[in-house]
Novice: 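The structure follows.
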Amino acid sequence: MSDRPRFDETRSAAMRAALVATVEESPRRDRRRQVRVAVAAVLAALGLGLGGTAVAFAVTGVSLFGDDRVTAAAPPTSASPTPTPTPAATDAPPTAAPHPLVLTDEPITPHDLLTQPSPSPVWSVQLPAAGDMCEYQQVIDVADGYALVQTGPTQPPEDSNYSCDLDASRYSLTLLDTSTGVPVWSRDWSWAFTYGDQTKATLLGTSDRVLVWDSLGGPGPKEVLDLATGGTLSSVTVPDGFTVRDLNAVPGESGDVTFVAQRLDAAGAPTTSWAVERADPRDLASPRWSVPFDGQWAITPPITNASSILQVTHWYDGQPSVLDVYDADSGAVMAAATTDRSYTYYDGFTLRFSDRIDYERSRTVAGIDDAGNEVWSRSLDAGFAVAPVGLIPRQPGSDVPRVSEVLLIGPGTQLELVDGVTGESRWTADGAGCTKGSGLNGPALATYDFSLATDGVIVQSGEQGGVCGFDHATGAPVDVSARPSDFGGAQGELAQYKLDGAMGTGGLYTSKGQGVPPTPMPQSGTGTALDAVTGASLWSIPAYYDERWVFAGGYLVGFSQGRVFGIG
């Protein structure tokens, strides 16, 4: 970590010119570090690591004593719950050999399943703490072929007659090889039931650690885990005299978090004295840097790219909010007491919105590099709205699409495709055929559901399918009406995966049930793969009433009745 800020206005113009020249010489659709990917692949094959940049774990999932039993992490020396073995699969055992886990910040591409799979899962694992519809499962992508499955914490159903087991709050984490179904380790915890529990797991960048934390400060686990074994490395303790809510992981290999801490008075009541800090979560009392500020309330969102731009919004009741911008490396102030700007993080760049008209439109939109320097800007008196163009591969730990290009909306229904890194205008087109914007004074077009398909077409999807499309290279209109919608299913690069009569599609209505689920659970639905371009059906298999599909570590998996299983 540098103790000097990365932001330097005197370097901005020179960096802008150099960046544009460099990027123009690189492939447009992938400007990430290809050399490191190649090195990672070679070292993974050798079972070696990449230091702090990519950590390779020889997680074979097989007992070192010669039998085939899956082993969990060794019991930690602290008083934390002991890791327990995940129950063995019962539907179909894993057959392929597990592969090394190589942790990087490179995107994870879906492994599309284009041929007819067996109706039975290729593997199936019973998840701990998942015996009730009120313990919902979520996936955290870790690497190609690896994902963390989080179950819980227990929460009551919403507007439902379903009777959840609320005798305790239950929560578990399972690291799973999703290419084979081999569980690497599992941890589970339980504590006195608390409403509104926010316990969740977060990858700490590309370090080999996982944070388990409750932003509301409830009685659940607050620990840093070793990603390779699931063992507890440290508890997470808030320093005396302060309260801390969100701990946001710093991207990269440090394993640090950023957060805002509010000072308490002698009686334990909150004061108007705050600090924004960066620290190792294993020792929050010894921050790498700390900057004080005042306010009645304060928030800081996570940085979701490699940017140094850390935003802190603070305010007093009845007064306008104020935004301060800090260098995440050093804590140096980049901008202080601003009242009319905000930042949105994308892949390789950050957008700064200023001179706001409303929550969707700004008179000025600027592209900022990772060091905080302005590279390009656009201004329009009527204001621009911005529609990100999503990419299918996802970053590890993220559940939102990557974005390297944006569509500027305005004036009227004009769409301008802009390279987010350089500011280069690719083309302009009329978006009159796209989804209309909402509100009388809002932008003419909606700013959501645009993505770049693998055949080089930018598509806006609606609930019934493609709405409008443009050739990525030229902006020429493309008929996308036959393309299937990406709503309500799993999205691959070559196929869309739909469920009919299962979770949210005629089966159980939400993740927490709506009405009492039948016993036994009927296999009354159908899961179908559709060609992402033509909409043609590729294959179909039966699905349970509570079944849902997602990509986990790049592989298509299903969830039903407390189990996770491989589709095909």
Side-chain angles (χ1 to χ4, degrees), residues 1 76-81 140 150 152-155 169 171 173 187 189-205 207 209-227 230-251 254-303 310-316 324 326 328-331 397:
M1 182 188 70
T77 56
S78 67
S80 61
I140 303 167
Q150 170 179 293
T154 305
Q155 288 300 305
S169 288
Y171 177 79
L173 278 177
R187 293 286 306 269
W189 299 260
S190 64
W191 58 93
F193 177 76
T194 51
Y195 283 95
D197 197 291
Q198 297 295 311
T199 299
K200 66 177 183 179
T202 302
L203 287 180
L204 290 173
S207 72
R209 300 189 290 277
V210 179
L211 173 68
V212 179
W213 176 253
D214 178 3
S215 61
L216 296 183
K222 301 173 183 64
E223 303 178 13
V224 175
L225 309 183
D226 185 308
L227 178 61
T232 299
L233 297 174
S234 173
S235 61
V236 181
T237 304
V238 176
D240 292 340
F242 288 90
T243 183
V244 172
R245 293 175 64 90
D246 294 314
L247 295 176
N248 298 320
V250 174
S254 70
D256 288 351
V257 294
T258 57
F259 56 96
V260 289
Q262 186 176 23
R263 186 177 294 277
L264 306 176
D265 63 19
T271 70
T272 58
S273 177
W274 294 72
V276 54
E277 299 185 348
R278 172 173 173 165
D280 185 325
R282 296 171 294 183
D283 187 10
L284 295 181
S286 303
R288 306 200 188 280
W289 55 259
S290 177
V291 182
F293 64 92
D294 293 324
Q296 194 168 2
W297 308 99
I299 56 173
T300 180
I303 300 172
L310 175 63
Q311 307 174 70
V312 176
T313 301
H314 52 107
W315 66 95
Y316 289 90
D324 296 331
Y326 300 88
D329 290 340
S330 66

Novice: Drop me the distance from Thr202's OG1 to Arg209's CZ, to the nearest 0.5 angstrom.
Specialist: 13.5 Å
Novice: Applying ring-ring contact (aromatic ring centres under 6.0 Å, His included), can you list everything that pairs with Tyr326, at least two apart in sequence or on another chain?
Specialist: none
Novice: Return the minimal non-hydrogen interatomic distance between Ser169 and Ala192, and the atom names on each side.
Specialist: OG-O, 4.0 Å
Novice: Looking only at the side chains, is there a donor atom on one of Tyr195 and Gln155 sitting less than 3.5 Å from an acceptor on the other?
Specialist: no
Novice: Compare every heavy atom of Gly255 with every heavy atom of Pro281, then report the nearest pair and how far apart it is.
Specialist: CD-O, 3.2 Å
Novice: Passes side chain to side chain contact (heavy atoms under 4.5 Å, CB included), Leu211 versus Leu247? Steps please.
Specialist: CA-CA 9 Å; Leu211 173 68; Leu247 295 176; 3.9 Å; yes
Novice: So, Lys222 and Asp214, do they make that salt bridge, N to O below 4.0 Å?
Specialist: no
Novice: Measure the shortest side-chain to side-chain distance between Thr258 and Ile303 over non-hydrogen atoms and say whether it is less than 4.5 angstrom.
Specialist: no
Novice: Would you check if there is a donor-acceptor pair between the side chains of Gln262 and Thr243 at a distance under 3.5 Å?
Specialist: no
Novice: Relative to the ring of His314, is the ring of Phe293 parallel (under 30°), tilted (30 to 60°) or perpendicular (over 60°)?
Specialist: tilted
Novice: Do you know which two heavy atoms are closest between Val244 and Ala261, and how far apart they sit?
Specialist: CG2-CB, 3.8 Å
Novice: For Asn248 and Thr300, what are the C-alpha separation, side-chain angles and deciding distance, and is it a side chain to side chain contact (heavy atoms under 4.5 Å, CB included)?
Specialist: CA-CA 8 Å; Asn248 298 320; Thr300 180; 3.9 Å; yes
Novice: Flag the pair Leu204 / Val210 as yes when at least one side-chain heavy-atom distance between them is below 4.5 Å, and no otherwise.
Specialist: no
Novice: Working to the nearest 0.5 Å, report the span between OH of Tyr171 and OG of Ser190.
Specialist: 13.5 Å
Novice: When you compare the side chain of Leu216 with that of Arg245, does any pair of heavy atoms fall below 4.5 Å?
Specialist: yes
Novice: Please walk me through it: do Leu225 and Arg187 pass side chain to side chain contact (heavy atoms under 4.5 Å, CB included)?
Specialist: CA-CA 10 Å; Leu225 309 183; Arg187 293 286 306 269; 3.7 Å; yes
Novice: Report the C-alpha separation of Glu223 and Thr232 in whole Å, then their side-chain angles, then the decisive distance to 0.1 Å, and conclude whether the side chain to side chain donor-acceptor pair (under 3.5 Å) test is met.
Specialist: CA-CA 7 Å; Glu223 303 178 13; Thr232 299; 2.6 Å; yes
Novice: For a side chain to side chain contact (heavy atoms under 4.5 Å, CB included) with Thr271, tell me which candidate from Asp294, Asp265, Leu264 qualifies.
Specialist: Asp265
Novice: Below 4.5 Å, heavy atoms only, C-beta onward: do Tyr316 and Thr272 meet side chain to side chain?
Specialist: yes
Novice: For a quick check under 3.5 Å, do Asp197 and Trp191 share a side-chain donor-acceptor pair by atom type?
Specialist: yes
Novice: Looking just at side-chain N and O atoms, do Ser254 and Arg278 make a donor-acceptor pair shorter than 3.5 Å?
Specialist: yes
Novice: Using every non-hydrogen atom in the two residues, find where Gly205 and Ala249 come nearest and quote the distance to one decimal.
Specialist: N-CB, 4.2 Å
Novice: Atom CZ in Phe242, atom CG in Leu284: separation rounded to 0.5 Å?
Specialist: 11.5 Å
Novice: How many angstroms lie between atom CZ of Arg263 and atom CH2 of Trp274, to the nearest 0.5 angstrom?
Specialist: 12.5 Å
Novice: Side chain to side chain donor-acceptor pair (under 3.5 Å), that's the test. Do Ser235 and Arg282 meet it? Break it down for me.
Specialist: CA-CA 7 Å; Ser235 61; Arg282 296 171 294 183; over 6 Å; no
Novice: Is the closest side-chain heavy-atom distance between Trp213 and Thr199 below 4.5 Å?
Specialist: no
Novice: Are Val260 and Val312 side-chain neighbours, meaning at least one heavy-atom pair lies under 4.5 Å?
Specialist: yes
Novice: Side-chain contact test, heavy atoms from C-beta onward, threshold under 4.5 Å: evaluate it for Glu277 versus Phe259 and give yes or no.
Specialist: yes
Novice: As an exercise, state the distance from CG of Asp324 to OG1 of Thr313, rounded to the nearest 0.5 Å.
Specialist: 8.5 Å
